[in-house]
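Since the structure comes first, as structure tokens, the remarks are kept for the end.
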Amino acid sequence: MSDRIVVAGVGVDTRHWIGGERVASVTTFTDTSPIDGRALGEIARGGPAEASAAVAAAKAAFPAWAATSRTERARLLHAIADGVEKRIEELAVVETNDNGALLRSHRRGVMPRVAHNFRFFADWLLKLDHEDFDTFPSGGSAAGRGHTNHVSWDPAGPSVLITPWNAPLMLATWKVAPALAAGNTVVLKPAEWSPLTASLLADIAAEAGLPAGVLNVVQGYGSEIGDALTSHPDVRRISFTGSVPTARHIAASAAANLTPLSLELGGKSPLLVFADADLDLAVDLAVEQYDNAGQVCLAATRILVEESIADEFTRRFIDKAIQLTQGDPRDEATDLGPNIHPRQLEKIDGFVQRALAAGARAVIGGQRTDVGGQYYAPTLLTDVAQDSEIVQEEVFGPVLTLQTFADEDEAVRLANDTRFGLAATLATGDPERAERVTARLVAGTIWVNCFFVRDLQAPFGGSRLSGVGREGGTWSFDFYCDVKNTVTAPNGWNNHG
Ligand code: ADP
């Protein structure tokens, strides 16, 4: 096996990154490109031995990193951001070849945002521990006695971060940056369908001067390496983004040590379109749900439209959706690239064919696209029952359903009637309605007349099967730290006198 592959002119080390060194594995797996199915190279296939080595490296590096001043940690995170910014083109090209998402959005949106992830948490770190924020006198029964509370955030320890393939570097760094900022050391395990940019991140971090062992990257297949990571007694935090079955598996594995978990899982989010909405905006929001070929956990895949405007909405939706260009994600003109893997394509088509067999109607799409490779036609299904699989289960492909509602009550009932609670989007021209409806929806994030706007300061996560916990801003530090409150007596150290 070669230790280095070249993807679109960019060299990528295919080994693990453990304790500041490249480490090979005895076995490998083949990484393929969703664009044309070609093999990109052989990647180190880690198991329990590599998991233990990486956790040991993270544990060894932890005391010094935790003791590193906040200013120095922030400086290093900014240096990583500088490195990302210098390599935006390389990162974008490698990511597109690896996971098939659009090159133009990697270039202009995703990779700059990766750098921003580091800058944001570096700056946020310096806001912690400010007196006006976390020091306060005791109230209640202790009122008047003058005790002072002081809240501090202690780094928790080695953190295992397990990330998915739909937005590999974006989602990895959205965990890596706060974990490092908090003073934790990291073992990052990217998805086996998109392992490459995590390896480039290791290079960038090393070049930025991050000490050995502070960030470790291991490669491998799901539970083959995952179980040894998630059940490890020296791991103090696990943050996972992925599917519900895997989350259950990880939670069971973490139960051995009661390791705190942050789980960002799937969704079946609604887009509620009320008759008072700006219809052009509502149609734009609906068509936007095909972004990343539908492989977005936040996607509002259930379109719920008020009956009185359903025909007009559907007409305009079709007009717009059929203009989408599907094809090679490296082309500027492409709107929809391939789906990640033949297995994922099978899964998507299985959902659609079962829905059609159960009586659904494909207004558009409903099958693979004949443009070569792993492409699925943007699909809109109507005549779907609320309790049907296609309405209840996450497809993770360019497949939307459309249902109608008679009034606000029915809209809310349908919107909330799945086991998920990740996000919801509303299109309405009535601010009071927006307030009423958002108060009744179960969702971690609600967008009103907009979609996918995510400020890193805001809490992010899901309710019900969509996840456990919230990350973002203060919430990230709460998760990655052990929060400590110190109560000090009023008169210093001689209170008994
Ligand atoms: P999907 O089914 O969409 O591919 P998964 O939730 O299985 O998503 O995968 C997300 C991430 O979880 C990947 O990095 C994958 O390797 C990892 N993973 C899968 N199974 C396990 C496991 N048992 N323990 C730890 N990580 C796992």
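Both ligands and their constituent atoms are indexed starting at 1 by order of listing.
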* **Single hit among Arg419, Arg302, Lys268 for salt bridge (Lys or Arg N to Asp or Glu O under 4.0 Å) with Glu393** => Arg419
* Do the ring centers of Phe120 and Trp124 come within less than 6.0 Å of each other? -> yes
* Asked: What distance do Arg236 atom CZ and Thr259 atom OG1 have between them, rounded to the nearest 0.5 Å?
  -> 8.0 Å
* To do: Kindly compute the distance separating CE (Met111) from CZ (Arg87), expressed to the nearest 0.5 Å.
  => 11.5 Å
* Please check if any side-chain donor atom of Glu95 sits under 3.5 Å from a side-chain acceptor atom of Ser194, or the reverse. => no
* So which residues, sorted by chain and number, lie with a heavy atom under 4.0 Å of ligand 1? -> Ile162, Thr163, Trp165, Lys189, Pro190, Ala191, Glu192, Gly222, Ser223, Gly226, Asp227, Phe240, Thr241, Gly242, Ser243, Thr246, His249, Ile250
* Asked: Any side-chain heavy atom of Arg119 within less than 4.5 Å of one from His78?
  -> yes
